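Accompanying notes for the structure given below.
Just so it is clear: chains get the letters A, B, ... in the order the sequence lines come, proteins before strands, and each one is counted from 1. Model, not experiment: these values are computed from the prediction.
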Amino acid sequence: MSKYRTHKCSELRKEDVEKIVSLSGWINKKRDHGNLLFIDLRDNYGITQCIIDKDNKYFLEIEKSQLETVIKVEGKVVKRSDETINKDIETGEIEVAIDTFEILGTCKELPMPVFSDQEYAEEIRLKYRFLDLRRKKIHENIILRSKVISFIRNEMTKLGFLEFQTPILTSSSPEGARDFLVPSRLNPGKFYALPQAPQQFKQLIMVSGFDKYFQIAPCFRDEDARADRSPGEFYQLDLEMSFVEQEDVFSVVEKLMVNTFKNFSNKKLLYDKFPKISYNEAMLKYGSDKPDLRNPLVINDITEIFNREDVSFEIFKKLVKSGSMVRCIVTKNTKDKPRSFFDNIDKWAKGEGASGLAYFTLGQDKNISAKGPIGKFFSEEALMEIMKITKCEVGDSIFMACGKQSELEKITALARDKIGKELDLINDNIFAFCWIVDYPMFERDEISNKIKFSHNPFSMPQGDLTEENFEKPLDILAYQYDIVCNGIELSSGAIRNHKPDLMYKLFSIAGYDKSQVDQKFSGMINALSYGAPPHGGIAPGIDRIVMLLANEKNIREVTMFPMNQNAQDLMMNAPSEINSDQLKELNLSIKNKN
RNA sequence: GGGGGUGUAGCUCAGUUGGUUAGAGCGAUCGCCUGUCACGCGAUAGGUCGAGGGUUCGAGUCCCUUCACUCCCGCCA
């Protein structure tokens, strides 16, 4: 028998009445009636009410114990009278009448309460994370995370994937995010990089003939944080398969996602078979390559309307002549919305840096007409044409934005989200997954005007790649795909390019010559020259999956020991200065700031 | 790097138009209370109003600078 307990704090029931038991845990809450004291004793599993009165020799000691003191109690399980049963806790039909008591761990005055649903400043939560983690909601989130990871690991194993570890100290890669660097003592002046993802290693695993690999892989990127993006480190379900096409990867991941989300959430899946949306279509219809498909609103291009003679909305017409486009969002049956609704959206858009959102509502007396400040600029025929393009009807409203493609995509995507929320169109009780496919292989850097890889340089380009195609690199699509859920990008993946010649060709388009490729990707390119299987994979973000399942908006709520926005660990004081001996050993010197 | 929000007791917050000694709840300490489950009641302690500067007879409140936390943009193949 355990020295500390016969039962956990969630276990005792009325069937256990009369048993002599011992429990250990934290004092969650005390209710002191002077001569009678109730103690809610909490452990990882639950809460049990314990009771002691003044006749017990331990009464005074227990009465003056702080909340969160760790204690062991021994006593008899007692049935509660009907009117004192607490239905809110599992053990609410009984209580433990304390006989003996022992303090296992004392507790100073708390910097923050543990028993409370109140929100606290992030700073104090992170500094005292060990206290924060005792609190119900986040404690459960972290347990959920553990269960999700076990489940995924089990599913992957069942599907025949093998789990391997890959190096944490590796080499810096020229593409992608900023690296975290680690100085090498044995190689003065040289640095390891922490992996941004095990990208090259997982491909090497395929070249090594292991066929199906996965790993719950730590990834390190030195980029600024967001609510859904931890600074520094995060985890991916990294997976790779040999002798597969895009569809083979999709079917594995779809199965895994459907099983995981059905197992850990009561929310419905909007699609069991995830729709595939091309990158270009997503950018037009949703203004984004991570659309929230719970939102029924779509964006339409109505640029051509502003070339018509019978449209006299001169501001837009002028901009369209000089190369701008017009895109719009239709809201169904909003004719009775107050003027303030429309003006607020317009005002909001201006706050987002756009020139605003023009709008009108379609009305009909004898003829169809547009109501609103700019309605008079559109003829009935022009309105009919808009109705045809956008499939809108009388009673609907249309919000329009005008601008260059990229700024237009940005503002319409934000507007789609904003209007969807304003009109309460987003059902929070569903998960809407989709695949975004057919990403372009290359894009033009807006600042340098150079051609660069738009995503992963190791992706396989689509189609028959003749010389002619290489002359129009921006038209080349890749077997590159993302999986998106409720507007959150869960991962991206690709069928890889396993042909060295083609790889050199693609890198040359992005401005790397053969020797640069040989040098930067020596491990990879060399390996691909010794019989590489066609292969592909993907890497869904574990943190974001758990975030969706836990219904949290911030990734720190599903991360046990997160860093703050400035990539500092307030509990461990990382990063910290190091002493001169350490620097000397590493052949480093610190240049003084300013 | 840029923009927004927040910063008052250990914690969560209030604090009016610039005006007396800066308040409440929780927590802490002390006292009372034998059926609570956010137990109740009474008392006490606890404040560099994030920091620095300025305006003013007078600043928690107005202005400037700065710091911290956070959200967003850039960034994140």
Side-chain angles (χ1 to χ4, degrees), chain A residues 28-41 47-56 59 63-64 66-68 78 80-89 91-92 95 97 107-128 131-132 173-179 196-197 199-200 219-232 234 290 351-353 407 410-411 414 439-443 445-447 452-459 478 480 482 489 492-494 506-507 510 539 541 553-554 556 563-566 568 570:
Chain A
N28 193 57
K29 192 71 188 160
K30 283 190 295 189
R31 286 174 296 279
D32 189 352
H33 290 235
N35 294 315
L36 176 72
L37 173 66
F38 297 96
I39 297 232
D40 288 340
L41 194 67
I47 285 181
T48 301
Q49 174 167 281
C50 303
I51 183 165
I52 186 168
D53 71 20
K54 68 168 193 298
D55 297 334
N56 189 299
F59 185 79
E63 189 185 32
K64 66 173 201 278
Q66 294 273 356
L67 295 183
E68 294 305 309
V78 179
R80 296 201 204 182
S81 65
D82 287 350
E83 65 277 13
T84 60
I85 285 171
N86 182 351
K87 292 197 178 73
D88 296 333
I89 56 175
T91 58
E95 60 198 8
C107 180
K108 298 199 287 189
E109 188 181 342
L110 295 165
M112 56 180 283
V114 171
F115 171 70
S116 167
D117 292 330
Q118 225 158 22
E119 304 276 352
Y120 299 97
E122 204 73 32
E123 198 172 356
I124 196 145
R125 293 184 57 194
L126 294 181
K127 183 165 179 192
Y128 296 97
L131 290 178
D132 193 36
S173 62
E175 290 282 323
R178 243 175 249 118
D179 285 316
Q196 294 177 25
Q199 180 63 42
Q200 295 191 57
C219 302
F220 306 90
R221 296 178 191 176
D222 188 4
E223 296 295 346
D224 290 354
R226 286 290 183 278
D228 64 352
R229 206 164 82 199
S230 292
F234 61 97
K290 40 182 180 178
E352 290 293 323
E407 65 194 54
K410 202 169 290 170
I411 190 63
L414 289 169
Y439 276 83
M441 188 81 212
F442 297 102
E443 64 187 15
D445 189 295
E446 281 183 27
I447 299 158
K452 61 171 193 180
F453 288 108
S454 61
H455 281 79
N456 189 326
F458 304 124
S459 298
Q480 164 91 38
D482 274 17
E489 182 192 321
S492 55
L506 294 168
F507 267 99
K553 294 211 160 32
N554 194 297
R556 288 186 298 272
M563 297 200 283
N564 70 8
Q565 192 165 49
N566 294 322
Q568 299 160 340
L570 299 177

Write down the protein N/O and nucleotide N/O pairs, taken from nucleotides 41-45 of chain B, whose separation is under 3.5 Å; answer none if there are no such pairs.
none

Write down the protein N/O and nucleotide N/O pairs, taken from nucleotides 28-31 of chain B, whose separation is under 3.5 Å; answer none if there are no such pairs.
{"residue": "B:U29", "atom": "OP1", "partner": "A:Gln66", "partner atom": "NE2", "Å": "3.4"}

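For the pair A:Phe38 and A:Ile51, the tightest heavy-atom approach, listed with the atom from each and the gap, is CE2-CD1, 3.3 Å.
Comparing the same atom, C1', in B:U21 and in B:C26 gives a spacing of 25 Å after rounding to whole Å. The C1' atoms of B:A14 and B:G53 are separated by 28 Å, rounded to the nearest whole Å.
The shortest distance between the side-chain N/O atoms of A:Arg226 and the OP1/OP2 oxygens of B:C73 is below 4.0 Å. Residue A:Arg31 has a polar side-chain atom (N or O) positioned under 4.0 Å from OP1 or OP2 of B:C39. At least one side-chain nitrogen or oxygen of A:Asn566 sits closer than 4.0 Å to the OP1 or OP2 atom of B:C69. Between A:Gln49 and the phosphate of B:U36, there is no side-chain N or O to OP1/OP2 separation shorter than 4.0 Å.
Under the side-chain hydrogen bond (donor to acceptor under 3.5 Å, both in side chains) criterion, A:Gln66 pairs with no residue, sequence neighbours left out. Taking the side-chain hydrogen bond (donor to acceptor under 3.5 Å, both in side chains) definition, one finds that A:Thr91 meets it with nothing, sequence neighbours left out. Taking A:Asp228 as the reference, nothing meets the side-chain hydrogen bond (donor to acceptor under 3.5 Å, both in side chains) condition, with sequence neighbours excluded.
Across all strands shown, B:C32 is found opposite B:G40 as a Watson-Crick or G-U wobble partner, with both distances under 3.5 Å. When both pairing distances are held under 3.5 Å, B:C57 makes a Watson-Crick or G-U pair with B:G19. Of all nucleotides present, none satisfies the Watson-Crick or G-U wobble test against B:A9 with each distance under 3.5 Å.
When the nearest nucleotides of RNA chain B are assigned to A:Gly176 and A:Ile51 by heavy-atom distance, the more 5′-ward of the two goes with A:Ile51. Nearer the 5' end of RNA chain B, as judged by each residue's closest nucleotide, is the contact made by A:Leu126, out of A:Leu126 and A:Pro457.
Using a 4.0 Å heavy-atom cutoff across all strands shown, A:Arg556 reaches sugar-phosphate atoms only and no base atom. Within the 4.0 angstrom heavy-atom criterion, no nucleotide atom of any strand lies near A:Asp222. Within the nucleic acid shown, A:Lys452 has no heavy atom closer than 4.0 Å to any nucleic acid atom. Contacts of A:Asp88 with the nucleic acid, taken as non-hydrogen atoms under 4.0 Å apart, are absent. Residue contacts shown for A:Pro111 are limited to sugar-phosphate atoms, with no base heavy atom under 4.0 Å away. Using a 4.0 Å heavy-atom criterion, one finds that A:Gln565 contacts the bases of the nucleic acid, with or without backbone contacts as well. Among the protein residues, A:Asn554 comes within range of the sugar-phosphate backbone only, with heavy atoms under 4.0 Å from sugar or phosphate atoms but none that close to a base. A:Glu119 comes within 4.0 angstrom of sugar-phosphate atoms only, judged by non-hydrogen atoms across all strands, and of no base. At a threshold of 4.0 angstrom between heavy atoms, the contacts of A:Ser116 with the nucleic acid are absent. Residue-level contact check: A:Phe38 touches the bases, meaning some heavy atom is under 4.0 Å from a base atom.
Donor-acceptor pairing under 3.5 Å, judged by distance alone, is absent between the side chain of A:Arg125 and the base of B:C11. The base of B:C76 sits with one of its N or O atoms less than 3.5 Å from a complementary donor or acceptor on the side chain of A:Arg229. On a pure distance criterion of 3.5 Å, no polar donor-acceptor pair joins the side chain of A:Glu68 and the base of B:G27.
Look at A:His33 and the base of B:C39; the rings stack, centres closer than 5.5 Å and planes less than 30° apart.
Not one N or O on the side chain of A:Ser454 forms a donor-acceptor pair closer than 3.5 Å with the backbone of A:Glu443. In terms of modelled atom types and a separation under 3.5 Å, the side chain of A:Lys30 and the main chain of A:Leu67 share no donor-acceptor contact. Counting only distance, with no hydrogens or angles, the side chain of A:Gln196 and the backbone of A:Ala177 share a donor-acceptor pair below 3.5 Å.
Between A:Arg31 and A:Asp40 there is a salt bridge, since at least one side-chain N of the basic residue sits less than 4.0 Å from a carboxylate O of the acidic one.
Between the CG atom of A:Asn564 and the NZ atom of A:Lys127 there is a distance of 13.0 Å, given to the nearest 0.5 Å.
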When the side chains of residues 112-121 of chain A are checked against the rest of the protein, which donor-acceptor pairs come out under 3.5 Å, sequence neighbours left out?
{"residue": "A:Ser116", "atom": "OG", "partner": "A:Gln118", "partner atom": "N", "Å": "3.0"}
{"residue": "A:Ser116", "atom": "OG", "partner": "A:Tyr120", "partner atom": "OH", "Å": "3.1"}

